[in-house]
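A quick write-up on the structure given underneath.
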Protein chains: 2
Amino acid sequence: MRYLKEFRHIILYGLILAMLVFALKWLQWKFVLVDNAIDIYIGLVALFFTILGIWVASHIMRSRVETLIVEKEIIVPQSEPFAINTAELQKLNLNSREYEVLQLLAQGHSNADIAASLFLSISTIKTHVSNLYFKMDVKSRTQAITKAKQLKIIE
Amino acid sequence: MRYLKEFRHIILYGLILAMLVFALKWLQWKFVLVDNAIDIYIGLVALFFTILGIWVASHIMRSRVETLIVEKEIIVPQSEPFAINTAELQKLNLNSREYEVLQLLAQGHSNADIAASLFLSISTIKTHVSNLYFKMDVKSRTQAITKAKQLKIIE
DNA sequence: TGAATTTTGGTACTAAAGTATGAGGGTAAC
DNA sequence: GTTACCCTCATACTTTAGTACCAAAATTCA
């Protein structure tokens, strides 16, 4: 199908040429009586074939249009989906419970709240929190939250 | 200058045509002796002018350049410079001192620290903090910090 | 199995945070 | 001038947070 379309112009050109054989023969016979007619005849032929050549070329050329690609930059703001800083988290050497407590702490929960949600006693939470502060080198929950967010070890 | 360049092909075409007048006359005289020479002669003319037409057309067409603009998405790691949510901040209706205290609070400072840095008594800070909690609808400094960061009213 | 670590919990205490209430001085609007 | 905030500070109290020290299960690892 593609080849048919590609060579459409060439086939058309062939057909037109075939038709011209007859047309030329007729013209040749008609102008034979007129003096100097041969010059006019050749002139017409030249003109016709020039136009034909231009027409054919323009149709062939159309598929060969130079395409200048201009890249237009569009800035797409990338909202980074927050990645936990695993390296910093490992440095602190928190155990799983301590990290769990830290997360709840940073959400604004009290020791009592945390104890309730983890089904532990307040004493246990206090122990975890104290160890947490020691490991994080802070002295209060507010400092712990601030530091944890700075280090990107919690959301 | 531009016009000269634009019509260069047309001028060239004209010159070639002038030269052809002589060439044709010479060919016409030469082939007059040969039988059926006129057909060959016309065929050559047709062929030549077709090629000429194609040549002219291809040179004219060459100046037709399509400009295709392709939008290229470029992902920029846009580090947004943090904008304080003024709307939310106004909703809370905090006065200047309360907001000042909130900022220091969120940095992990104790009431005593805040009092020292603002040259105020701890009592004053406690009052501000209490009013702050009431306006923010929270019950502790950790909740205040969490909420303030959520609302983006502090850095 | 034994040692180390984690997880849990307790008591006792101190420090800090938070609440409630009052009060005095300042400023700005009505 | 009175009303309404804003800012300051105080006292008294309750609650929560945080420290220190201890200890018993549970788990992990060599």
Side-chain angles (χ1 to χ4, degrees), chain A residues 84 86-151 153-155, chain B residues 84 86-151 153-155:
Chain A
I84 290 171
T86 321
E88 288 291 342
L89 190 54
Q90 280 190 330
K91 271 190 202 168
L92 293 179
N93 194 31
L94 305 181
N95 60 47
S96 59
R97 272 310 201 195
E98 284 164 355
Y99 185 57
E100 211 168 354
V101 168
L102 174 61
Q103 287 177 317
L104 293 168
L105 206 88
Q107 285 168 26
H109 297 296
S110 67
N111 289 342
D113 287 341
I114 298 169
S117 61
L118 295 181
F119 304 102
L120 298 173
S121 73
I122 295 177
S123 298
T124 308
I125 303 303
K126 282 189 175 183
T127 307
H128 288 320
V129 169
S130 272
N131 294 333
L132 191 60
Y133 293 169
F134 177 75
K135 288 182 180 177
M136 289 183 75
D137 190 32
V138 295
K139 287 183 181 295
S140 70
R141 54 213 297 114
T142 56
Q143 283 178 17
I145 294 170
T146 305
K147 191 157 190 175
K149 295 213 175 188
Q150 272 180 0
L151 297 177
I153 58 176
I154 52 163
E155 270 189 71
Chain B
I84 290 171
T86 322
E88 288 292 342
L89 190 54
Q90 279 190 330
K91 271 189 202 169
L92 293 179
N93 195 29
L94 305 181
N95 59 49
S96 58
R97 272 307 204 196
E98 286 164 354
Y99 185 56
E100 210 168 353
V101 168
L102 174 61
Q103 287 176 318
L104 293 168
L105 207 86
Q107 285 167 26
H109 297 296
S110 66
N111 289 342
D113 287 341
I114 298 170
S117 60
L118 295 181
F119 303 103
L120 298 174
S121 75
I122 295 178
S123 296
T124 308
I125 302 305
K126 281 190 175 182
T127 306
H128 287 319
V129 169
S130 270
N131 293 334
L132 191 60
Y133 293 170
F134 177 74
K135 288 183 180 177
M136 289 183 75
D137 191 32
V138 295
K139 287 183 181 294
S140 69
R141 56 212 296 115
T142 56
Q143 282 178 19
I145 294 171
T146 305
K147 192 158 188 175
K149 296 213 174 188
Q150 270 179 2
L151 297 177
I153 57 175
I154 52 161
E155 272 187 70

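Note that these values count all heavy atoms, side chains included, but never hydrogens, waters or copies made by symmetry. Chain identifiers are assigned alphabetically (A, B, ...) following the order of the sequence lines, protein sequences preceding nucleic acid strands; residue numbering begins at 1 within each chain.
- Residues from residues 121-151 of chain B lying near DNA chain D, meaning a heavy-atom separation below 4.0 Å, are B/S121, B/S123, B/T124, B/T127, B/H128 in numerical order.
- Residues satisfying the side-chain hydrogen bond (donor to acceptor under 3.5 Å, both in side chains) criterion with B/T124, sequence neighbours excluded, are B/S121.
- Applying the side-chain hydrogen bond (donor to acceptor under 3.5 Å, both in side chains) rule to A/E98 yields the partners A/N95, A/K135; only residues at least two apart in sequence or on another chain are considered.
- Taking the side chain as every heavy atom from C-beta outward, B/K147 and B/I153 never approach each other to under 4.5 Å.
- Looking at residues two or more places apart in sequence or on another chain, you find no side-chain hydrogen bond (donor to acceptor under 3.5 Å, both in side chains) involving A/T127.
- Within residues 102-115 of chain A, the residues having any heavy atom under 4.0 Å from DNA chain D are, by residue number, A/S110, A/N111.
- With A/R141 contributing its side chain and A/H109 its backbone, the two residues share a donor-acceptor pair below 3.5 Å.
- A distance-only check finds no donor-acceptor pair linking the side chain of A/Y133 to the backbone of A/A144 [under 3.5 Å].
- Looking at B/L104 and B/L118, their side chains come closer than 4.5 Å, going by heavy atoms from C-beta outward.
- No side-chain heavy atom of B/I114 sits under 4.5 Å from any side-chain heavy atom of B/E100.
- Terminal axes of the helix from C/dT1-D/dA30 to C/dC30-D/dG1 (five pairs each, C1' rotation axis) are separated by 50°, to the nearest 10°.
- Non-hydrogen atoms lying under 4.0 Å from DNA chain C are contributed by nothing in residues 93-101 of chain B.
- For B/I84, the side chain to side chain contact (heavy atoms under 4.5 Å, CB included) partners are B/F82, B/L89, B/Y99, not counting sequence neighbours.
- The closest side-chain heavy-atom distance from A/Q107 to A/I154 is not below 4.5 Å.
- Screening residues 110-131 of chain A for salt bridge (charged side-chain N to carboxylate O under 4.0 Å, His left out), with sequence neighbours left out, gives no hits.
- Under the side chain to side chain contact (heavy atoms under 4.5 Å, CB included) criterion, B/S140 pairs with B/T142, B/Q143, sequence neighbours left out.
- For A/E88, the side-chain hydrogen bond (donor to acceptor under 3.5 Å, both in side chains) partners at least two apart in sequence or on another chain are A/K91.
- Shortest non-hydrogen contact noted between A/L105 and A/I145 is O-CD1, 3.6 Å.
- You'll find the side chain of B/K149 reaches within 4.5 Å of the side chain of A/K149, heavy atoms only.
- Where DNA chain C meets chain A (any atom under 4.0 Å from a heavy atom), the bounding nucleotides read 5' to 3' are C/dT7 to C/dT11.
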